[in-house]
Amino acid sequence: AQKITQTQPGMFVQEKEAVTLDCTYDTSDQSYGLFWYKQPSSGEMIFLIYQGSYDEQNATEGRYSLNFQKARKSANLVISASQLGDSAMYFCAMRENQGGGADGLTFGKGTHLIIQP
Amino acid sequence: DARVTQTPRDKVTEMGQEVTMRCQPILGHNTVFWYRQTMMQGLELLAYFRNRAPLDDSGMPKDRFSAEMPDATLATLKIQPSEPRDSAVYFCASGLVPNTEAFFGQGTRLTVV
């Protein structure tokens with residue numbers, strides 16, 4: 001079974017609209033972290049936002065927020081007021097067993113977001 | 001602006017040749033990761049180090065790949081001999097784990113012909 005599932009291979013959104021990118025995860029650990037990264041066409045991986053499994057509030061970073069629903073094991077990324085520069089691949093990732101020595105990230109397959117003017 | 005630096009950015013080599021990729025992590029970070037990105041497999045963790053000690057290299061083909069961290073400012077990933085299926089983008093990342101994000105370098109695009 002996949003640990004991180006991103007069900008939207010591609011999305012087209014009008015500029016200035018809000019965007020929700022879906023991510024569901026699978027783990028039996030109690031302590032884990034969820035991450036979103038952006039990969040523009042230039043290829044670099046840019047960290048956007050982090051949510052710890054014990055964090056009670058949804059994480060926010062500027063126009064990015066993470067809609068964390070623990071019981072549903074979902075960690076959707078919300079981008080408010082989308083801009084042309086938001087066009088990129090977006091990856092959801094998980095770090096399991098945080099604090100227990102397993103530090104690598106498991107990534108989803110990504111969503112290709114295209115913002116249209 | 002602190003960043004992870006990877007060299008070379010692009011590498012084209014012939015099958016059977018040795019390839020060495022280098023990474024300079026962000027100063028002060030205690031953990032260094034190597035990831036590989038391909039269209040088919042996506043992003044996969046190859047290996048990582050904590051305080052220069054290798055902690056996990058289970059994602060790495062052992063017969064041809066090796067990862068080392070000779071000092072705190074340099075991590076290397078070596079492939080010998082290289083094969084066409086090794087063609088991918090190789091990312092190095094560093095961080096102060098376990099509870100923070102990893103910062104990625106710009107990657108090395110490897111093409112083995």
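A, B, ... follow the sequence lines: proteins, then strands. Residue 1 opens every chain.
At a threshold of 4.5 Å between side-chain heavy atoms, the hydrophobic network of Ile, Leu, Val, Met, Phe, Trp and Tyr places A:Met45 and B:Phe103 in two separate groups. Hydrophobic clustering of Ile, Leu, Val, Met, Phe, Trp and Tyr side chains at less than 4.5 Å, counting indirect connections, keeps A:Tyr64 apart from A:Ile114.
Taking CD from B:Gln37 and CD from A:Gln39, the interatomic distance works out to 4.0 Å, rounded to the nearest 0.5 Å. Here the NZ atom belonging to A:Lys109 is positioned 9.5 Å from the CG atom belonging to B:Leu43, to the nearest 0.5 angstrom.
Atom CZ of A:Arg63 sits in a crowded spot, with more than 12 heavy atoms from other residues, nucleotides or ligands closer than 6.0 Å. Atom CD of B:Glu14 is surrounded by 12 or fewer heavy atoms from other residues, nucleotides or ligands within 6.0 Å. Heavy atoms from other residues, nucleotides or ligands lying under 6.0 Å from NZ of A:Lys16 number 12 at most. The environment of B:Leu27 atom CG is sparse: at most 12 non-hydrogen atoms of other residues, nucleotides or ligands sit within 6.0 angstrom. Within 6.0 Å of the NZ atom in B:Lys11, the count of heavy atoms belonging to other residues, nucleotides or ligands does not exceed 12.
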**Item:** CA sep, side-chain torsions, deciding dist, call: B:Phe104, A:Phe47, ring-ring contact (aromatic ring centres under 6.0 Å, His included)
**Value:** CA-CA 8 Å; B:Phe104 280 70; A:Phe47 166 74; 9.9 Å; no
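At a 4.5 Å heavy-atom cutoff, the contact between B:Ala102 and chain A is made by backbone and side-chain atoms alike. Of the atoms belonging to B:Met40, it is backbone heavy atoms, and not side-chain ones, that fall under 4.5 Å from chain A. Interface remark: A:Ile49 contributes no atoms to any contact with chain B (heavy atom separation under 4.5 Å).
Counting all heavy atoms, side chain and backbone alike, B:Leu45 lies closest to A:Leu105 at CB-O, 4.4 Å.
Of the candidates B:Tyr35, B:Phe33, B:Phe91, A:Phe107 forms a ring-ring contact (aromatic ring centres under 6.0 Å, His included) with just one, namely B:Tyr35.
When side chains are defined from C-beta on, B:Glu101 does not count as touching A:Trp36, because their heavy atoms never get closer than 4.5 Å.
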